[in-house]
Q: 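Just passing along the structure, written as C-alpha cells.
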Protein chains: 2
Amino acid sequence: MSVTHTEVTAGPADLDPCGQAGYPDCGIRDVLDRVGDKWSVLVIVELANGARRFRELQRAVDGISQRMLTLTVRRLERDGLVLRTVYPTVPAQVDYRLTETGASLTHLVKALADWSLGHRDGIARARQAYDARHPGNEIR
Amino acid sequence: MSVTHTEVTAGPADLDPCGQAGYPDCGIRDVLDRVGDKWSVLVIVELANGARRFRELQRAVDGISQRMLTLTVRRLERDGLVLRTVYPTVPAQVDYRLTETGASLTHLVKALADWSLGHRDGIARARQAYDARHPGNEIR
DNA sequence: CAGCATCCGTTCTGATACTG
DNA sequence: CAGTATCAGAACGGATGCTG
C-alpha cells in the first residue's frame, strides 16, 4: 500500500518537483502519513509537555481508544519520534517521551495546532456558507 | 501575509486544554483532518505555486485519481482554503487557487514538507532499526 | 475538459474481551 | 497499569462508465 519512492535529488528548499509527474512523491508521503494521521499530532502535542504514561496519555488525548493509542505510540516509536521506557515494576509502568527528532517536530506541530485554532471559526463559517450555497451536497 | 490568528481566548502557546478530558478537542480535529488527509497537503503545495486547472493539478499531484482530486479540491473549497473558478467556455474550464486563508497555510505545509524531507532518511533508519529489534512485528 | 455516479475491494477504527 | 486479540462496521480509494 505504501508508495515506493525513487531516489530524488531535490533540496529541501525546492519542493516543487515532489509529487509531480516523474517525481513520485519523494517519500514525503511516509512522513506526512504519520504526521497527518488522526492521533499523532495530538499525542505529540501532549508529549511536548513532558513524559507521559500510557493512561495519562489516554486521558489527555480525549476520545482516543486504547487500541488507537497503542498503535499511535508504536508507530511514533518506530519512526524514532518517541522513546518508550518500560519500568519493571508491578504493575507494569511505561512512559513515553519525545526523542530529539520528535521534539524538533513539536514547533511545527504546535504551529499547525495553532493555525487550526486560529482558523477554526473561519473555516466553520466557510463550511456553513458553502453548505448553504450547495444544498443537499454531502461532502463531509 | 503573516499568519494572524483570530481572537483565541486561550493563548496559542497554551494548547494543553485542547484534547484533554473535559475539553473535547476544541475542534482542532476538523482542521487537522483536512490538513492531514492523503492529498490535501500535496494539492496545497502545488497551488502555492499558482492557479492550476483540474488536469494540471491531476498531472502535478502524481498518483491522485480523478475521484480523489475532485473530493480533495471540493473539501478545500468548502473549507475556504481554495477558490474554484469556472469559465463558461467550451469545453469547460475551471481553475483553482488558494484563498488568503489557504495561502496562510502554505508556510506551515511547506515547513512540514521540508521537515519531512530533512528527516526522511533518519526516519527510514529508525524504522529499519525498530523492525530489526522487533522481528515479526507488523506495525504497518 | 471537468466532472458525477456507481461498484467494490482494502484499510481504518472502535468496542469488547482477555492477559501479564 | 499496559497492553494483546478479535471482530464488525465505517471510511477510504481506485476503476469504470457517462454527461455537459
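Lettering follows sequence order; numbering is per chain, from 1.
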Q: Can you tell me the distance, in whole Å, between the CG atom of D95(B) and the C1' atom of dG3(C)?
A: 15 Å
Q: I need the CG-C1' distance between L69(A) and dC12(C), as an integer number of Å.
A: 16 Å
Q: How long is the straight-line distance from CZ of R133(B) back to CZ of R78(A), given to the nearest 0.5 Å?
A: 11.0 Å
Q: Between atom CG in L42(A) and atom P in dT13(C), what is the gap in whole Å?
A: 13 Å
Q: Write down the distance between OH (Y87(A)) and P (dA2(D)), rounded to a whole number of angstrom.
A: 12 Å
Q: When every nucleotide of nucleotides 14-20 of chain D is labelled 5' to 3' by its protein contacts under 4.0 Å (heavy atoms), B for base, S for sugar-phosphate only, - for none, what sequence of letters results?
A: BB-B--B
Q: To the nearest angstrom, how far is R75(A) atom CZ from dT11(C) atom C1'?
A: 11 Å
Q: Within this structure, what is the CZ-to-P distance between R84(A) and dC1(D), rounded to whole angstrom?
A: 16 Å
Q: Considering just the side-chain nitrogens and oxygens of R55(A), establish if one lies under 4.0 Å of OP1 or OP2 belonging to dG3(D).
A: no
Q: Kindly say if Y96(A) contacts the phosphate of dC1(D), meaning a side-chain N or O under 4.0 Å from OP1 or OP2.
A: no
Q: Roughly, in whole Å, what's the span from CD in Q58(B) to C1' in dG13(D)?
A: 14 Å
Q: Linking I/L/V/M/F/W/Y whenever their side-chain heavy atoms sit closer than 4.5 Å, directly or via other members, would V86(B) and L83(B) fall into one cluster?
A: no
Q: Take the protein atom CZ of R52(B) and the nucleotide atom C1' of dA2(C), then report the distance between them rounded to whole Å.
A: 17 Å
Q: So, are R52(A) and D95(A) salt-bridged, with charged N and O less than 4.0 Å apart?
A: no
Q: More than 12 non-hydrogen atoms from neighbouring residues, nucleotides or ligands closer than 6.0 Å to CZ on R125(B), yes or no?
A: no
Q: Roughly how far apart are T70(A) OG1 and R75(A) CZ, rounded to 0.5 Å?
A: 10.5 Å
Q: Distance check, rounded to the nearest 0.5 Å: L112(A) atom CG versus H107(A) atom NE2?
A: 12.5 Å
